[in-house]
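Below is one structure, written out as structure tokens; the observations come after it.
Numbers here are sequence positions counted from 1.
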Amino acid sequence: MKMDLNAIIEKMETGDQDAALTALQTFNKEKSQCFSFTPGEEEDREDGHLQEHLGELVLGFLERDLQPSCQLACLETIRILSRDKKSLVPFATHHAMQILIRHAGLGQGEGFTPEIPDLEVIVEALKCLCNIVFNSEVAQEAGAELQLIVGLAERLKQCREPQWNHYVRFFDLRLTFLITALRVDVRAQLACELRGVSLLSEALDATLSLCWPDMYEVARAGFDGCSELPPLGRQETERAMEILKILFNVTFDSNRRKVDEEEAATYRHLGAILRHCIMSTSEGEERTEEMHSHTVNLLGNLPLPCLDVLLMPKVQQGSIEYIGVNMDAVKVLLEFMEKRLDRGNKLKETLLPSLNLLTESARIHRETRKFLRMKVLPPLRDVKNRPEVGNALRNKLVRLMTHIDTDVKHCAAEFLFVLCKESVSRFIKYTGYGNAAGLLAARGLMRGGRDPGHYSEDEDSDTEEYREAKPHINPVTGRVEEEQPNPMEGMTEEQKEYEAMKLVKMFDKLSRGQVIQPMKIGADGKMTSLEPQELHYLASQQFGESNNSDSDSDTN
């Protein structure tokens, strides 16, 4: 049976609180699972704007001194109506936002705030604000003008006070995430004026119930020294993930700028908490992976020198130790990255944050690089298969170096290049010249050499299998191949010259038709175009028809 909105509006217009309560409860019950409007209701809205009028009446009621049950019914109606962008007009105004902010207990020195707040009313008002801010730019602007973020920050400071239940805390965080994601000015205000990183780090600390055995070493309160922690509860995980998402918003450019000593200490403190997050689990594998994903995203925003906190905890029984350093966190990050790689779904969004994080950690921290190289590029033994063939992590990453997505193939190549200390010869050894060519061309390293970098001089010891096979390895494919017969064997010099010029003419024809573009390696090590006359010149040089010296440029 279709609900008669006119009848509900009539009861609301009487101003009687009990009649309004009954009408709104009926509406809310019927529409509780409604997230879109039927064509019939669209017609109603077009004819009489009934939804908007109902919204205006409900807002009018909320300005009165109502019993909590009626306040709650009014807010539930607003939450339902605000799901639809076309019903937002009454709620996106400065005045309407002010009413909802007051009912959410976030007002700044204005209106009446009860001494004993009704938590159900606060939660419902927060849900309304989340819907409205998400769906309306006008409401976002009004929220910024009304200093909504200041009210949220004030309540975040009360993260250890027991008066606020999970739902108030969660929707506070959800609203903070939305407005910082959608408003750059609010994001900057929280980060700078309200000291957002410290504030949210404290909230995350409280949510996870942490204790600090050392300056940058974290443990779960009551479980200090335990090798295995119990999974985080569902509610704690939900709040922690919201905090991680907000922190991602406010630290978005942190790794691109220099930070002073005080900021570095703040980020190291946060990094220590994030290490605990990456080492923790939640209820269920899917929820654990989601939390780890948000943690990895945020770690990628931290200033690179501050990532040393991942290695600071002392080595304990059961820890992964490498050259005296605790590598538990690095191992978890590597396993997380490989899991995303194996899944193969939306690699740019799912794989690159962890891959970039490992790359930059390896670039700046010697211990991390050496540990990752041991895991990803162990001493080479398999020289019969191409580097991209196989199920080892090296094989999987080399396959990515020819991925259709430019960002994916560049990041995979960059990771392996850093593990090779940016040495061209070592990079080619592990990947093959054909796979390596893209990165080398972009870096101007086609002639070989090494990019400048701060790397130690540890040796790259070859296995006995590699040393024996090295003279027979094809550098392009990166494997030992059967010796092929010489196609020019038995030809006279004139026949060889004829075949060479024939090939040059074919290249010239394809080049003029813009089917291919012959290239050469310039003096700077980068690829440049090879002109047709240069092809003829090089061919004549090959067979001694020119008295000039050999060309300075290599051809590809």
### Query
salt bridge (charged side-chain N to carboxylate O under 4.0 Å, His left out) between R195 and E262: does it pass, once the steps are laid out?
CA-CA 12 Å; R195 301 178 63 84; E262 183 183 351; 3.3 Å; yes
### Query
Side-chain donor-acceptor pair under 3.5 Å between E13 and H53, yes or no?
yes
### Task
Tell me yes or no: between the side chains of Q158 and W164, is some donor less than 3.5 Å from an acceptor?
yes
### Task
Answer yes if the side chains of E76 and Q25 hold a donor-acceptor pair under 3.5 Å, and no otherwise.
no
### Query
Just wondering, do L311 and V330 contact through their side chains at under 4.5 Å, heavy atoms?
yes
### Task
Indicate whether the side chain of S319 and that of E321 have a donor and an acceptor atom separated by less than 3.5 Å.
no
### Task
May I ask you to decide whether D18 forms a salt bridge with K11, counting only side-chain N to carboxylate O separations under 4.0 Å?
no
### Task
Taking only Lys NZ, Arg NE, NH1 and NH2, and the carboxylate oxygens of Asp or Glu, determine whether K86 and D84 approach each other closer than 4.0 Å.
no
### Message
If we count only N and O atoms by modelled type, under 3.5 Å, do the side chains of E236 and H166 hold a donor and an acceptor together?
### Response
no
### Any side-chain heavy-atom pair of T237 and R234 under 4.5 Å
no
### Task
Answer whether the closest heavy-atom distance between the side chains of L81 and F27 falls below 4.5 Å.
yes
### L200 side chain reached by L190 side chain, heavy atoms, under 4.5 Å
yes
### Query
Does I122 reach the side chain of F171, with side-chain heavy atoms less than 4.5 Å apart?
no
### Message
I need the full list of salt bridge (Lys or Arg N to Asp or Glu O under 4.0 Å) pairs touching residues 343-353, with sequence neighbours left out, sorted by first then second residue.
### Response
E289-R343, K348-D407
### Task
For residues R363 and T359, determine if any side-chain heavy atom of one lies less than 4.5 Å from a side-chain heavy atom of the other.
yes
### Message
Ring of F177, cation from R174 - is the NZ or CZ under 6.0 Å from the centre and inside 45° of the axis?
### Response
no
### Query
Quick one: are T77 and K31 in side-chain contact, heavy atoms under 4.5 Å?
no
### Task
Examine the side chains of H292 and E335 and answer whether a donor and an acceptor come within less than 3.5 Å of each other.
no
### C74 and L24, any side-chain heavy atoms less than 4.5 Å apart
yes
